[in-house]
Amino acid sequence: MSEEQVRSLEKQFDERIERDEKIEPKDWMPEKYRKTHIRQMSQHAHSEIVGMLPEGNWITRAPSLRRKVALLAKVQDEAGHGLYLYSATETLGISREEMYEQLHTGKAKYSSIFNYPTVTWADMGTVGWLVDGAAIINQVPLCSTSFGPYARAMVRVCKEESFHQRQGYEIMLKLCKGTPEQKDMAQDALNRWWWPSLMMLGPTDAESVHTEQSMKWKLKRKSNDELRQQFIDQTVPQADILGLSIPDKDLKWNEERQSYDFGEINWDEFWQVVKGHGPMNKERIKARVNAWEGGEWVRDAAMAYASKNQERKEKQAV
Amino acid sequence: MSQKKNWPLWEIFVRSKNGLEHRHFGSLHAADAEMAMENARDVYTRRNEGVSIWVVESCNITASNPDHNGELFEPAQDKVYRHPTFYDLPDEVKHM
């Protein structure tokens, strides 16, 4: 294809997106669109899968059966969300094995929030309330993104996600109405998760390299800073209801902006964690690699069983 | 035996309730049809989304090529006489 032809196809392609038409896997698309989507969608899938680890940590120690079934269901949902997203990404021509390979070798990233440890039961509450809360803010606009399989997967994910946040908040409510020690535990968890949750919405607009192109392709409908402000404005009143204080001395209602002003985010910490130096990076990847390698004989056995069965059926048919 | 193979891809169709058609829900990997069925139950119907599931190995689907959309679908575009509004009737004839 000549350069001119490519440019004309790209122009038609941009116009289709502009008109809110969806792009489906077999449609022509610019190579950069394909690559960007593979990157973002696979990282999204990886985040769901790695995101099971900090919570899976507490399933056996949940304080009641009610809490246990809810947490189990939530972690199962994360697995499901990872699978919807992996198969949506595969429609772009990358294999599941390649994606796993990229995760396991550190070539692909996942949400940096999952590199923090979950040390008390209150962390289950805070993760549901803040981490899923921030995830919802990130994900809702993606339900109308331009790539059909991604948008459809996100519609399903968003439908299921709201129970996650509510179950987390309910854990916090219970702790905050409990003994002083339980309330302290809730405050401690908020203190540790607040800033990482703000970082989860991505670098500031000035530092965000992909924003402009992603806006055009509807991979992003609002900038990171707008999403962060939305998250803070919706979360502060929820902390008030719990009687917990947000660990930010500069947090203040701004009457003029009808929004909260907030303190400086420690971006050094963010980049350190993204680069692999967070408290749990090594452990998370190790758990994934172990699961993949340790499960290899099971996958092979299932495949061998399936082909033997197939052979038997074929023989019977003769 | 060194004929290692990855689990193939399956397309999942779910009937959400009797009276409605099976609809494409997504895809997943499984060693065989039986496993695809069990995985589909867990991945796509955790909240009573279905009463019936079809699984089809993806390689068995023949899909049209969007590059041929013109020759495939355009012939229908100029056949306006296939629509009821093409026919002129007096206003007195109500409901037809």
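Proteins get letters first, then strands, A, B, ... in listed order; numbering begins at 1 in each.
- Residue B/A30: no heavy atom, backbone or side chain, is found under 4.5 Å from chain A.
- Atom CE of A/M303 is separated from atom CH2 of B/W7 by 9.5 Å, given to the nearest 0.5 angstrom.
- Other residues, nucleotides and ligands contribute at most 12 non-hydrogen atoms within 6.0 Å of the CD atom of A/E4.
- The distance from the NZ atom of A/K159 to the CZ atom of B/R47 is 10.5 Å, given to the nearest 0.5 Å.
- Environment of CH2 in A/W292: crowded, with over 12 heavy atoms of neighbouring residues, nucleotides or ligands closer than 6.0 Å.
- In this structure, no portion of B/S58 lies under 4.5 Å from any heavy atom of chain A.
- Of all residues in residues 144-158 of chain A, those placing a non-hydrogen atom less than 4.5 angstrom from a non-hydrogen atom of chain B are A/R156.
- With A/S87 contributing its side chain and B/S27 its backbone, the two residues share a donor-acceptor pair below 3.5 Å.
- Here the closest non-hydrogen pair linking B/A31 and A/A306 is O-CB, 3.4 Å.
- Residues of residues 69-77 of chain A having a heavy atom under 4.5 Å from any heavy atom of chain B, listed by number: A/Q76, A/D77.
- Taking OH of B/Y44 as the reference point, atom CG of A/L83 lies at 7.5 Å (rounded to 0.5 Å).
- Heavy-atom proximity under 4.5 angstrom to chain B picks out A/R96, A/E97 from residues 92-111 of chain A.
- Ranked by heavy-atom pairs under 4.5 Å with chain A, the first of B/E49, B/H29, B/R46 is B/R46.
- Using a 4.5 Å cut-off between heavy atoms, A/Y305 contacts chain B through its side chain alone, with no backbone atom that close.
- By the 6.0 Å contact criterion, CG on B/N65 is enclosed, its count of non-hydrogen atoms from other residues, nucleotides or ligands being greater than 12.
- Residues of residues 19-33 of chain A that come within less than 4.5 angstrom of chain B, heavy atom to heavy atom, are A/K26, A/D27 in numerical order.
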